[in-house]
Amino acid sequence: MGRGRVTLKRIENKINRQVTFSKRRSGLLKKAHEISVLCDADVALIVFSTKGKLCEYSTDSSMDRILERYERYSYAEMQLTSTHNESQGSWTLEHAKLKARIELLQKSKRHLMGEELDSLTLKELQGLEQQLDTALKHVRLRKNQLMFESISALQKKDKDMQERNNILSKQIKEKEKDAAHHDKEPQIHAAVPSLHLGILNNCDAHQAGSDWEVEDIPRPAQPLTFMPPWMVQHMSK
């Protein structure tokens, strides 16, 4: 038959309790030695019997060294826990302060919106009215400032557009003058053929006085042209 589960409770029989203590103590010391060797751990074991008899075990390090190390660790842990508790308490207090401040600001906001005014006294209502008047003055001042800035910007924009319009008007006038100048140039070149035509007529008349016989062909009336003196002298020769 297999071994049954042992219920963990105090053994009432004194003799059985003493026998069980002796057996379990030996097994406990054996397990402490095994874990110290297998895992290279510092192990210190202290056991007091019912009669107050001490039973202890420690690894190669002395018991005093292990206990001193344990005290240092316990003190550091206690300090860390104390600091954490103080910090936790400080954060808790800060959270409560901030929460109260938020509630106060929300209440003040509702008052400024004209809500929940029944609980306010006459003095508090007067103070609230003064706050609203001050806030209204600031709002109007800011509004006027923005209006002036907008008007100044529009005036500057209008001035820039006028200057640009003047520049465009000057450019258009210059282009019109250039176009009018180009239209007059063909009329000047058209007067040159009439001058050559007059010269040819004079030449024909001079050749008519010589041996050539020139038919009397009616010519259209030519406009009077002005001949330079050097050309007249050349023709008379």
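Just so it is clear, the values below take in all heavy atoms, side chains as well, and ignore hydrogens, waters and symmetry mates. All of these numbers come straight from a predicted model, not from anything done at the bench.
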Review point. Counting heavy atoms not belonging to I35, are there more than 12 under 6.0 Å from its CD1?
Key: no
Exercise for review: Report yes or no: does R110 contribute a side-chain atom to a donor-acceptor pair with the main-chain N or O of E115 at less than 3.5 Å?
Suggested key: no
Review point. How far apart are the C-alpha atoms of V47 and L29, what are their side-chain angles, what is the distance that settles it, and do they pass the side chain to side chain contact (heavy atoms under 4.5 Å, CB included) test?
Key: CA-CA 10 Å; V47 180; L29 293 174; 5.9 Å; no
Study note, to complete from the structure: OG of S108 to CD of Q131, rounded to nearest 0.5 Å, is 6.0 Å
Revision key, fill the gap. Smallest heavy-atom separation, T59 atom then A41 atom, equals CG2-O, 3.4 Å
Point to revise | Q130 atom CD, neighbour heavy-atom count above 12 within 6.0 Å | key: no
Name each donor-acceptor pair under 3.5 Å that joins a side chain in residues 96-105 to protein atoms two or more places apart or in another chain, with its distance.
none

Review point. Atom CG of D158 and atom CD1 of I151: how far apart are they, to the nearest 0.5 Å?
Key: 13.0 Å
Review point. At what distance, to the nearest 0.5 angstrom, does CZ of R25 lie from OG1 of T20?
Key: 12.5 Å
Review point. Got a sec: does the CG of D178 have more than 12 other heavy atoms crowding it under 6.0 Å?
Key: yes
Exercise for review: Starting at SG of C55, measure out to CZ of F21 and round the result to the nearest 0.5 Å.
Suggested key: 6.5 Å
Point to revise | Flag side-chain contact, heavy atom, 4.5 Å: K14 against R17 | key: yes
Review point. Are the side chains of H33 and Y57 in touch, meaning some heavy atoms are under 4.5 Å apart?
Key: yes
Point to revise | Working for side chain to side chain contact (heavy atoms under 4.5 Å, CB included), residues R69 and D42 | key: CA-CA 10 Å; R69 182 179 177 186; D42 290 337; 3.1 Å; yes
Practice item. Answer yes or no: is there a side-chain heavy-atom contact under 4.5 Å between L128 and E124? Key: no
Practice item. Would you sort out whether E174 and K170 count as a salt bridge (Lys or Arg N to Asp or Glu O under 4.0 Å), showing the intermediate values? Key: CA-CA 6 Å; E174 290 177 357; K170 290 180 181 180; over 6 Å; no
Exercise for review: Flag yes if L112 and L125 sit in one hydrophobic cluster, no otherwise; membership is Ile, Leu, Val, Met, Phe, Trp, Tyr, and two members link when side-chain heavy atoms are under 4.5 Å apart.
Suggested key: yes
Check your understanding: Donor-acceptor pair, N166 side chain versus Q162 backbone, under 3.5 Å?
Key -> yes
Practice item. For the pair R10 and E12, find out whether any cationic side-chain nitrogen is under 4.0 Å from an anionic carboxylate oxygen. Key: yes
Exercise for review: Start with the C-alpha gap between L67 and I46, add the side-chain angles, then the distance that decides, and say whether side chain to side chain contact (heavy atoms under 4.5 Å, CB included) holds.
Suggested key: CA-CA 11 Å; L67 291 176; I46 301 174; 4.3 Å; yes
Exercise for review: May I ask you to decide if M161's main-chain N or O and N165's side chain share a donor-acceptor pair within less than 3.5 Å?
Suggested key: no
Review point. Taking atom CE of M113 and atom CG of L132, what is their separation to the nearest 0.5 Å?
Key: 10.5 Å
**Study point:** Gap separating the CZ atom of R140 from the CE atom of M147, nearest 0.5 angstrom
**Key:** 13.0 Å
Check your understanding: Should V43 and I66 count as side-chain neighbours, where that means a heavy-atom distance under 4.5 Å?
Key -> no
